[in-house]
Amino acid sequence: MADSMTQSAQISSSQELADGQNSVAAKDSKMSDSFLSSSPVSLIQSPEVKDLVHWRDPKKSGVVFGLSLLTLLSLAAFSVISVVSYLLLALLCVTISFRIYKAVVQAVQKSDDGHPFKALMEKDVSVPPETFRKHVDASLTHINRLLKQLRKLFLVEDLIDSLKLAVVMWLLTYVGAVFNGITILILGKRLFCLPLVLPQTQIDHYMEIARTQVNTTMAK
(Lines give C-alpha, C1' and ligand atoms only; values in the text may rest on other atoms or scores of the structure.)
Protein backbone atom coordinates (compact mmCIF):
# COMPACT_ATOMS: atom_id res chain seq x y z
CA MET A 1 0.00 0.00 0.00
CA ALA A 2 2.83 2.37 0.93
CA ASP A 3 4.70 1.50 -2.29
CA SER A 4 1.63 2.29 -4.41
CA MET A 5 1.18 5.64 -2.64
CA THR A 6 4.86 6.44 -3.18
CA GLN A 7 4.58 5.59 -6.87
CA SER A 8 1.47 7.75 -7.22
CA ALA A 9 3.24 10.67 -5.58
CA GLN A 10 6.22 10.24 -7.90
CA ILE A 11 3.97 10.11 -10.98
CA SER A 12 2.08 13.22 -9.81
CA SER A 13 5.32 15.15 -9.21
CA SER A 14 6.65 14.07 -12.62
CA GLN A 15 3.48 15.30 -14.30
CA GLU A 16 3.69 18.64 -12.46
CA LEU A 17 7.34 19.00 -13.48
CA ALA A 18 6.48 18.22 -17.11
CA ASP A 19 3.61 20.74 -17.07
CA GLY A 20 5.93 23.38 -15.62
CA GLN A 21 8.53 22.73 -18.31
CA ASN A 22 5.87 22.91 -21.01
CA SER A 23 4.57 26.21 -19.65
CA VAL A 24 8.11 27.63 -19.55
CA ALA A 25 8.75 26.44 -23.10
CA ALA A 26 5.49 28.01 -24.26
CA LYS A 27 6.42 31.29 -22.56
CA ASP A 28 9.89 31.23 -24.15
CA SER A 29 8.34 30.50 -27.54
CA LYS A 30 5.95 33.41 -27.10
CA MET A 31 8.82 35.72 -26.09
CA SER A 32 10.85 34.51 -29.07
CA ASP A 33 7.98 35.19 -31.48
CA SER A 34 7.57 38.65 -29.97
CA PHE A 35 11.29 39.28 -30.36
CA LEU A 36 11.32 38.13 -33.97
CA SER A 37 8.27 40.18 -34.86
CA SER A 38 9.93 43.39 -33.63
CA SER A 39 13.57 42.55 -34.36
CA PRO A 40 15.74 44.74 -36.64
CA VAL A 41 15.63 41.99 -39.28
CA SER A 42 11.84 42.22 -39.59
CA LEU A 43 12.15 46.02 -39.66
CA ILE A 44 14.68 45.90 -42.50
CA GLN A 45 12.46 43.50 -44.46
CA SER A 46 9.38 45.71 -44.09
CA PRO A 47 7.87 47.09 -47.34
CA GLU A 48 8.47 50.69 -46.28
CA VAL A 49 12.21 50.14 -45.82
CA LYS A 50 12.46 48.21 -49.10
CA ASP A 51 10.72 51.05 -50.93
CA LEU A 52 13.24 53.52 -49.50
CA VAL A 53 16.27 51.38 -50.35
CA HIS A 54 15.06 50.59 -53.87
CA TRP A 55 14.23 54.28 -54.55
CA ARG A 56 10.64 53.49 -55.57
CA ASP A 57 9.77 57.03 -54.47
CA PRO A 58 12.84 59.14 -55.41
CA LYS A 59 11.67 62.19 -53.44
CA LYS A 60 11.19 60.30 -50.19
CA SER A 61 14.39 58.27 -50.61
CA GLY A 62 16.34 61.42 -51.51
CA VAL A 63 15.11 63.23 -48.40
CA VAL A 64 16.00 60.29 -46.15
CA PHE A 65 19.41 59.86 -47.79
CA GLY A 66 20.20 63.58 -47.64
CA LEU A 67 19.14 64.09 -44.03
CA SER A 68 20.92 60.96 -42.78
CA LEU A 69 24.11 61.85 -44.69
CA LEU A 70 23.97 65.42 -43.36
CA THR A 71 23.57 64.10 -39.82
CA LEU A 72 26.53 61.73 -40.19
CA LEU A 73 28.74 64.46 -41.66
CA SER A 74 27.75 66.77 -38.82
CA LEU A 75 28.59 64.11 -36.23
CA ALA A 76 31.95 63.59 -37.93
CA ALA A 77 32.78 67.29 -37.60
CA PHE A 78 31.08 68.24 -34.32
CA SER A 79 30.14 66.64 -31.02
CA VAL A 80 26.79 64.94 -30.47
CA ILE A 81 25.70 67.71 -28.08
CA SER A 82 26.44 70.41 -30.68
CA VAL A 83 24.63 68.55 -33.46
CA VAL A 84 21.52 67.92 -31.33
CA SER A 85 21.51 71.52 -30.08
CA TYR A 86 21.78 72.98 -33.59
CA LEU A 87 19.06 70.68 -34.91
CA LEU A 88 16.66 71.62 -32.11
CA LEU A 89 17.56 75.29 -32.50
CA ALA A 90 16.84 75.14 -36.24
CA LEU A 91 13.50 73.44 -35.57
CA LEU A 92 12.58 76.09 -33.01
CA CYS A 93 13.54 78.90 -35.41
CA VAL A 94 11.25 77.44 -38.08
CA THR A 95 8.27 76.91 -35.78
CA ILE A 96 8.61 80.30 -34.01
CA SER A 97 9.00 82.14 -37.35
CA PHE A 98 5.94 80.40 -38.76
CA ARG A 99 3.96 81.14 -35.59
CA ILE A 100 4.83 84.87 -35.76
CA TYR A 101 4.11 84.98 -39.50
CA LYS A 102 0.65 83.46 -39.05
CA ALA A 103 -0.08 85.84 -36.15
CA VAL A 104 0.85 88.86 -38.32
CA VAL A 105 -1.28 87.57 -41.21
CA GLN A 106 -4.25 87.02 -38.90
CA ALA A 107 -3.83 90.52 -37.43
CA VAL A 108 -3.69 92.14 -40.91
CA GLN A 109 -6.62 90.15 -42.28
CA LYS A 110 -8.49 90.37 -38.97
CA SER A 111 -9.24 86.67 -39.07
CA ASP A 112 -9.50 84.19 -36.24
CA ASP A 113 -7.93 81.02 -37.58
CA GLY A 114 -6.52 80.02 -34.21
CA HIS A 115 -3.18 78.40 -33.53
CA PRO A 116 -1.38 77.37 -36.76
CA PHE A 117 -0.26 74.07 -35.19
CA LYS A 118 -3.64 73.28 -33.68
CA ALA A 119 -4.10 70.10 -35.75
CA LEU A 120 -0.70 68.76 -34.69
CA MET A 121 -1.24 69.73 -31.05
CA GLU A 122 -4.49 67.77 -30.91
CA LYS A 123 -2.85 64.55 -32.09
CA ASP A 124 -2.28 61.85 -29.51
CA VAL A 125 1.46 61.27 -29.07
CA SER A 126 1.26 59.01 -26.02
CA VAL A 127 2.70 55.50 -26.22
CA PRO A 128 0.17 52.71 -25.51
CA PRO A 129 1.17 50.51 -22.54
CA GLU A 130 0.80 47.35 -24.64
CA THR A 131 3.23 48.63 -27.27
CA PHE A 132 5.70 49.71 -24.59
CA ARG A 133 5.57 46.33 -22.83
CA LYS A 134 5.93 44.51 -26.15
CA HIS A 135 9.13 46.36 -27.05
CA VAL A 136 10.49 46.04 -23.52
CA ASP A 137 9.94 42.26 -23.59
CA ALA A 138 11.60 42.03 -27.01
CA SER A 139 14.56 44.12 -25.84
CA LEU A 140 14.90 42.05 -22.67
CA THR A 141 15.00 38.84 -24.70
CA HIS A 142 17.66 40.33 -26.94
CA ILE A 143 19.74 41.52 -23.98
CA ASN A 144 19.54 38.14 -22.23
CA ARG A 145 20.68 36.33 -25.35
CA LEU A 146 23.56 38.77 -25.77
CA LEU A 147 24.65 38.35 -22.13
CA LYS A 148 24.58 34.55 -22.42
CA GLN A 149 26.60 34.66 -25.62
CA LEU A 150 29.17 37.03 -24.09
CA ARG A 151 29.48 34.78 -21.06
CA LYS A 152 30.17 31.79 -23.31
CA LEU A 153 32.77 33.71 -25.31
CA PHE A 154 34.68 35.46 -22.52
CA LEU A 155 34.60 32.50 -20.11
CA VAL A 156 35.89 30.26 -22.94
CA GLU A 157 33.10 27.70 -22.95
CA ASP A 158 34.13 26.88 -26.53
CA LEU A 159 37.81 27.56 -27.22
CA ILE A 160 37.33 27.85 -31.00
CA ASP A 161 34.59 30.47 -30.70
CA SER A 162 36.64 32.49 -28.21
CA LEU A 163 39.65 32.38 -30.52
CA LYS A 164 37.47 33.55 -33.41
CA LEU A 165 36.31 36.52 -31.32
CA ALA A 166 39.91 37.34 -30.42
CA VAL A 167 40.92 37.32 -34.11
CA VAL A 168 37.97 39.55 -35.05
CA MET A 169 38.78 42.02 -32.27
CA TRP A 170 42.43 42.07 -33.34
CA LEU A 171 41.42 42.84 -36.94
CA LEU A 172 39.05 45.56 -35.75
CA THR A 173 41.96 47.30 -34.00
CA TYR A 174 43.48 47.90 -37.45
CA VAL A 175 40.13 49.08 -38.83
CA GLY A 176 39.75 51.46 -35.87
CA ALA A 177 43.23 52.86 -36.49
CA VAL A 178 42.17 53.92 -40.00
CA PHE A 179 38.47 54.70 -39.65
CA ASN A 180 36.11 55.71 -36.90
CA GLY A 181 32.51 54.60 -36.60
CA ILE A 182 31.05 57.69 -38.28
CA THR A 183 33.40 57.34 -41.26
CA ILE A 184 32.37 53.72 -41.77
CA LEU A 185 28.71 54.72 -41.64
CA ILE A 186 29.29 57.48 -44.19
CA LEU A 187 31.05 55.00 -46.51
CA GLY A 188 28.20 52.56 -45.97
CA LYS A 189 25.74 55.21 -47.12
CA ARG A 190 27.13 54.75 -50.64
CA LEU A 191 25.39 51.39 -50.76
CA PHE A 192 22.14 53.32 -50.50
CA CYS A 193 22.83 54.78 -53.95
CA LEU A 194 23.46 51.42 -55.65
CA PRO A 195 19.87 51.10 -56.98
CA LEU A 196 20.42 54.36 -58.88
CA VAL A 197 23.53 52.98 -60.60
CA LEU A 198 22.89 49.24 -60.99
CA PRO A 199 19.63 47.46 -61.88
CA GLN A 200 17.96 45.45 -59.13
CA THR A 201 18.64 42.10 -60.87
CA GLN A 202 22.37 42.80 -60.92
CA ILE A 203 22.34 43.83 -57.25
CA ASP A 204 20.47 40.62 -56.35
CA HIS A 205 23.04 38.62 -58.34
CA TYR A 206 25.99 40.10 -56.45
CA MET A 207 24.17 39.77 -53.12
CA GLU A 208 23.57 36.08 -53.83
CA ILE A 209 27.27 35.58 -54.64
CA ALA A 210 28.29 37.32 -51.41
CA ARG A 211 25.77 35.29 -49.39
CA THR A 212 27.08 32.04 -50.90
CA GLN A 213 30.67 32.97 -50.06
CA VAL A 214 29.75 33.87 -46.49
CA ASN A 215 27.83 30.61 -46.00
CA THR A 216 30.73 28.59 -47.44
CA THR A 217 33.23 30.33 -45.16
CA MET A 218 31.03 29.86 -42.10
CA ALA A 219 30.61 26.16 -42.95
CA LYS A 220 34.38 25.72 -43.15
Side-chain angles (χ1 to χ4, degrees), residues 30-31 33-143 146 176 179-200 203-204 207:
K30 183 178 180 182
M31 291 284 290
D33 293 340
S34 174
F35 168 72
L36 290 175
S37 63
S38 59
S39 63
V41 176
S42 62
L43 179 62
I44 293 174
Q45 294 177 349
S46 63
E48 293 81 3
V49 175
K50 286 184 177 180
D51 291 342
L52 285 175
V53 174
H54 295 161
W55 291 76
R56 301 228 167 88
D57 187 352
K59 291 183 179 179
K60 187 181 296 185
S61 298
V63 169
V64 172
F65 174 75
L67 291 178
S68 58
L69 182 60
L70 179 62
T71 303
L72 291 175
L73 291 174
S74 301
L75 290 173
F78 307 101
S79 66
V80 177
I81 297 177
S82 298
V83 172
V84 173
S85 300
Y86 279 120
L87 287 176
L88 296 179
L89 182 61
L91 180 60
L92 275 175
C93 289
V94 171
T95 54
I96 292 174
S97 301
F98 185 73
R99 177 74 172 87
I100 296 174
Y101 168 75
K102 293 297 290 185
V104 172
V105 170
Q106 291 177 15
V108 172
Q109 297 179 351
K110 296 183 179 181
S111 60
D112 189 13
D113 295 335
H115 200 286
F117 299 115
K118 183 178 179 181
L120 296 176
M121 293 173 64
E122 291 177 350
K123 286 188 176 181
D124 185 14
V125 295
S126 59
V127 179
E130 296 80 10
T131 304
F132 180 78
R133 284 194 291 268
K134 175 184 176 182
H135 289 289
V136 168
D137 292 340
S139 301
L140 184 61
T141 304
H142 196 186
I143 292 172
L146 178 63
F179 305 104
N180 56 27
I182 299 298
T183 305
I184 294 176
L185 289 176
I186 293 173
L187 293 175
K189 290 291 293 182
R190 295 185 179 182
L191 298 176
F192 194 69
C193 299
L194 279 180
L196 297 177
V197 181
L198 300 176
Q200 185 61 34
I203 295 176
D204 293 338
M207 289 294 292

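Since we're looking at a predicted model, the values are computed, not measured.
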side-chain hydrogen bond (donor to acceptor under 3.5 Å, both in side chains) filter on Ser82, not counting sequence neighbours, yields Ser79
Sequence neighbours excluded, the answer for side-chain contact (heavy atoms from CB on, under 4.5 Å) partners of Val104 is Ile100, Val108
Hits for ring-ring contact (aromatic ring centres under 6.0 Å, His included) against Phe98, two or more places apart or cross-chain, chain-then-number order -> Phe117
Residues 118-127 vs side-chain hydrogen bond (donor to acceptor under 3.5 Å, both in side chains), sequence neighbours excluded, gives Asp124-Ser126
Residue pairs meeting side-chain hydrogen bond (donor to acceptor under 3.5 Å, both in side chains), one or both in residues 87-107, sequence neighbours left out, come to Arg99-His115
Sequence neighbours excluded, the answer for side-chain contact (heavy atoms from CB on, under 4.5 Å) partners of Pro129 is Arg133
Distance-only check: which donor-acceptor pairs under 3.5 Å involve side-chain atoms of residues 69-78, not counting sequence neighbours?
residue, atom, partner, partner atom, Å
Thr71, OG1, Leu67, O, 2.8
Ser74, OG, Leu70, O, 2.8

Which of Val80, Leu87, Ile81 passes side-chain contact (heavy atoms from CB on, under 4.5 Å) with Val83? Answer is Leu87
In this structure, CD1 of Ile96 is separated from CG of Leu89 (nearest 0.5 Å) by 8.5 Å
